[in-house]
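For reference, the structure discussed in these notes is given below.
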Amino acid sequence: MAQRNTDIVPTVDGLAYGGDYNPEQWGREVWDEDVRLMRKAGVNLVSVNIFAWAGINPAPDVWDFERLDAVMDLLAEGGIKADLATSTASPPPWFSQAHPETLPVNAEGVVLNSGARAEYCPHAPAFQAAVVEMATRLAERYADHPALAMWHVGNEYYRSCLCDLAADAFRAWLQERHGDLDGLNAAWGTTFWSQTYSDWSQVLPPRICAETPNPSLVLDWRRFGSDALLRLFRSEAEAIAKHCPDKPITTNLMVTGNFAHLDYHRWGEHVTGPNRLVATDHYLLPDDEIGWPEQVAFGADASRGLAAGGPWLLMEQSTNSSAWRRGYFAKRPGDQLRHSLSYVARGSEGAMFFQWRASRYGAERYHSAMVPHGGADSRVFREVEQFGAWLRRLTEVKGSTVVSRAAVLLDFQSVWAANTPGQPSADMDTYPELRRWHAALWRRGVTTDLANPEWDLSGYEYVFAPHLYLLDSDANLRAYVEGGGTLVVGPYSGIVDRNDHVHEGLPGALRDLIGVRVEEFVPIPKGDKVALDDGIEGETWSEVAHAIDAEVVASFEDYPHTPAVFRRERGRGEVWYLSTRPVALDPLFERLGVAADFPDAPERLELVRRRHEDGRAYVFAINHGEAPAPVPVAGTDLLTGEPWTPATPLDPGSCAVIREA
Ligand code: GAL
């Protein structure tokens, strides 16, 4: 999918560079040093006021902007722009004390007290009013401030609360979705276990109950939670836009790892478009099966999808270890440069970090920073300076876009549905599976989008649906295949409808498109494998499946001895169906003829092209391998200013950005 080129990139000169800046943790003398070091490192944007509610509004009806004024003025004098946050992600203790009903309640009915952060109930009217008031006051005061580049609403929305206010809000949301109680009872299948509701007051959030809860309820609760937080975000964004209509508004989403708390695609519609900007945070998983470069690529490619062609920005990552990872991982020299550049290669309009200066106190005192506890005379800060210098040389890349030939389908509602209670296998987890396929394509040298199954897919050569458990209708996928695309569907897909009811006739919504009938599920115990007659092995899942109108490509040698891989031509395209989870994906890609974006590129040489509408193109090259690798393009390396030929070797661990001749 091509990115749309728009003028609304973060209003900073060049690509954005910086991080969360929390000067409230330091004395004034440190601020001057901060600005000096920021300038030295080429920092041009910092996120301020993220957790500063207690300073601005220290008591009911008391407002004090002196410190924020001073910070904003200092940044303006230093030529550094502010991504000004509304500070509403963490109400101070006085607020919780004055409005105890705003404290969140968990599924066990326990009130989560103040003392950490994000202690709020998204459904509490007092909190909802307070955040709009805060956003309004900030927008009135700073709309025309010379340091202001953009607005940052809240921080990493994810909070859920199951209190009585939440129950009321849930009921109202359900009434909109399902109409009357008959509609709700039908959608939730409440004839099962005598759950039929006769009055709305009986409908509750998924609080802890005696046995397995109703999965349709659990799924609707996830949708409701995402919508409620989106409403909160929009209320602040609209308040800001009234006073400051011309600056981008963003919030930092977390589409990158395993953090599917929100329906980020639905959110995407509200953080793209005029004066909105998609921003994303990414903290790597140290103990994951998937390597760091692959994780970075997944996060970036998923974020690009959210932006639907518009600009987007990596808002947070770490220079080194993360406090909440118990410090047992540290980035190796150069990782920070490679990760940041990979993000920019994949479309980010800059690279930002959490945080500028390491905190001396608080829960994140051991979280890495751009200026670590070791000070500016450190490897980390030298790399920070180096990346700043690179970004200045890459200014002309700003506004260029990435086009992918392949997509992996990601639907957050399907991810949630596949995790509802009562599943036949605990190991069919969607997000890790999508990341596994995406990583395998990365290793093959294919830049792959993460696309929603309802989006226009016609531009892709290949669309992979490794695990699309919830699917209401196959219409969009059918149009893609009939139009000439190649669709590959993994097992246990198309099984349930939007209410999490099993479709009649498996595999439900996909049965007609793939021409296959599934008779029985045969989950495979962890560690076991099943052999197929073409040499491929499957794990986790298998099915007793029969071809109705499809060619059998391979069958199970072991039980269930039925066909395992199917192929069917349909219209101008083709669709493949796998009734098991292939242990290795490369043999499948070979068979499909999936070629690398840059043929003949060596393994673990990451190559991504960004292109301007006027034809100027840049190849980003990052060598994650152990040996020097030639990059098969000609032009000029913007990082060094030196000419580049297809024979020029790129050293292990090194990077180049080649403006193509
Ligand atoms: C993010 C959060 C930051 C900081 C960071 C540490 O999720 O937005 O405020 O806590 O994690 O990794």
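Whatever order the structure lists ligands and atoms in, that order sets their numbers, starting from 1. Numbering starts at 1 and runs along the sequence shown.
Protein heavy atom nearest atom 3 (C) of ligand 1, with residue, atom name and distance: Glu316 OE1, 3.4 Å.
With no hydrogens or angles considered, no side-chain donor-acceptor pair links Asp335 and Trp292 at under 3.5 Å.
Taking all atoms of both residues into account, the shortest heavy-atom contact from Asn155 to Thr251 is N-OG1, 4.5 Å.
Taking 4.0 Å as the cut-off between side-chain N and carboxylate O, Asp227 and Arg223 do not count as a salt-bridged pair. Look at Glu433 and Arg436 and you find a salt bridge, because one of the NZ, NE, NH1 or NH2 atoms lies within 4.0 Å of a carboxylate O, short of that distance.
Atom numbering of ligand 1 starts at 1 in the shown order; those under 4.0 Å from a heavy atom of Glu156 are 1 (C), 2 (C), 7 (O), 8 (O). Ligand 1 places these atoms under 4.0 Å from at least one heavy atom of Asp281: 8 (O). Close approach of ligand 1 to Phe51 is summarised as follows: ligand atoms under 4.0 Å from at least one heavy atom of the residue are 9 (O). Listed by atom number, the atoms of ligand 1 under 4.0 Å from Asn155 heavy atoms are 2 (C), 8 (O), 9 (O).
Considering backbone and side-chain atoms together, Glu364 places an N or O closer than 3.5 Å to an N or O of ligand 1. For ligand 1, the polar-atom distance check finds no N/O of Ser322 at less than 3.5 Å from any of the ligand's N/O atoms.
Relative ring orientation between Trp267 and Phe233 is described as tilted, the plane-to-plane angle lying within the 30° to 60° band. In this pair, Phe224 and Trp221 present their aromatic rings tilted. The plane angle is within the 30 to 60° band.
Within the model, atoms OG of Ser47 and NZ of Lys81 stand 14.5 Å from one another, a figure rounded to the nearest 0.5 Å.
By the 4.0 Å heavy-atom criterion, Gln317 is excluded from the residues contacting ligand 1.
Contacts between Arg117 and ligand 1, counted as non-hydrogen atom pairs separated by less than 4.0 Å, involve the side chain only. Residue contacts with ligand 1, taken as heavy atom pairs separated by less than 4.0 Å, involve His367 solely via side-chain atoms from C-beta onward.
For the side-chain hydrogen bond (donor to acceptor under 3.5 Å, both in side chains) with His624, the qualifying choice from Arg604, Glu606, Glu294 is Glu606, the only one to do so.
Nearest residue to atom 11 (O) of ligand 1 from Phe353, Tyr283, Tyr158 is Tyr283 (criterion: closest heavy atom).
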